[in-house]
Structures are given as structure tokens and as C-alpha cells.
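Sequential numbering from 1 along the given sequence is applied to the chain's residues.
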Amino acid sequence: QVLLVNSGGGLVRTGASVKLACVASAGTLWHYTVGWFRQTPRNEREWIGCISRSGGTTRYAKSMEDRFSMSRDIAQNSVYLQINNLEPDDTAVYSCAAQNSAGLSDQAAEYEFWGQGTQVTVAS
């Protein structure tokens with residue numbers, strides 16, 4: 001089991017960048033594939049991408065490939081999501097989730113443990 005804590009969100013301007021964190025406050029995060037999702041103001045959940053246990057492989061939703069990137073710091077028991085050139089449509093609650101599998105899934109139902117989410121609001 002792993003307990004995930006999200007941080008790094010806030011109010012930012014269009015064109016800015018943010019780096020969101022997903023830290024395991026309990027458990028060992030590198031045992032899990034970690035995915036990132038966002039919940040929009042229209043209450044739609046979107047899969048952003050995921051990163052393998054080693055951090056060596058990432059997979060992104062096609063619409064997210066250009067401005068989103070993930071990294072893993074095994075020593076810090078953390079995974080990060082960097083978002084560049086933010087747009088107002090990026091306004092959402094961003095959450096990480098952990099999957100106890102080597103698969104790089106885009107399905108929320110396959111992730112067992114979830115962070116509480118962090119709000120990113122992009123002002124135009």
C-alpha cells in the first residue's frame with residue numbers, strides 16, 4: 001500500500017510553467033507505475049500520462065505530449081509532472097495515482113491508490 005500526497009498547484013498566468021509533485025508519505029513508490037490525471041471544471045477526468053517503475057519509460061496522451069513531462073526521483077520517493085506553457089484550458093485538479101503493475105495504463109480504474117489532488121488555475 002502507498003499513501004500519495006500531491007502539491008505544487010496554484011494560480012498561474014498563461015504561458016507559465018508548474019512542477020507538480022506526487023510524494024509517497026507511506027510505502028515505496030518505485031514499486032508502482034504512477035499515472036497523472038486531471039479533473040476539469042466540467043468534471044471530466046482526463047488521463048495525462050504515466051511513468052514506469054524505474055522511471056525509464058513514459059507514456060502520454062497524444063494531446064499532452066508537447067507540454068507535459070514526467071520524472072521520477074526514487075531517492076525522494078516521488079514522481080513529478082512538469083507542465084510548460086500553461087493555457088486556461090489546463091485549469092483542473094491534478095492527481096497522481098499508483099498502479100501495482102508494470103503496465104502503463106490510461107484507465108483510471110486500474111489505479112489503486114490516489115493522491116488528494118492539487119488545483120492548478122491558469123489566468124488568461
State, yes or no, whether a side-chain contact exists between [X] and [Y] at a heavy-atom distance under 4.5 Å.
X: D90; Y: R67; value: yes
X: Y94; Y: V18; value: no
X: P41; Y: T91; value: yes
X: Y32; Y: Q99; value: no
X: W47; Y: Y111; value: yes
X: R59; Y: D106; value: yes
X: S95; Y: N6; value: yes

Hey, any chance [X] and [Y] share a hydrophobic cluster, counting ILVMFWY side chains that come within less than 4.5 Å of each other, even indirectly?
X: L81; Y: V122; answer: yes
X: I51; Y: V2; answer: yes
X: V12; Y: I83; answer: yes
X: M64; Y: V93; answer: no
X: I48; Y: V79; answer: yes

Give a yes or no answer on whether the side chain of [X] reaches the backbone of [Y] with a donor-acceptor pair at less than 3.5 Å.
X: E46; Y: Q39; result: no
X: N77; Y: T28; result: no
X: Y60; Y: M70; result: yes
X: R72; Y: S52; result: yes

Identify the two heavy atoms, one from [X] and one from [Y], that lie closest to each other, and give their separation to 0.1 Å.
X: Q116; Y: L4; result: OE1-O, 3.9 Å
X: V120; Y: L86; result: CG1-CD2, 4.5 Å
X: T14; Y: S124; result: OG1-CA, 3.4 Å

- Task: Please identify each residue that fulfils side chain to side chain donor-acceptor pair (under 3.5 Å) with R13, with sequence neighbours left out.
- Result: none
- Message: Just by distance, no angles: are the side chains of Q82 and N84 close enough, under 3.5 Å, to form a donor-acceptor pair?
- Response: yes
- Before accepting this row, confirm whether a basic side-chain N of the pair R38/E44 lies closer than 4.0 Å to the acidic partner's carboxylate O. no
- Task: Answer yes or no: does atom CH2 of W30 have more than 12 heavy-atom neighbours from other residues, nucleotides or ligands under 6.0 Å?
- Result: no
- Query: In terms of the angle between their ring planes, are F37 and W114 parallel, tilted or perpendicular, with boundaries placed at 30° and 60°?
  - Reply: tilted
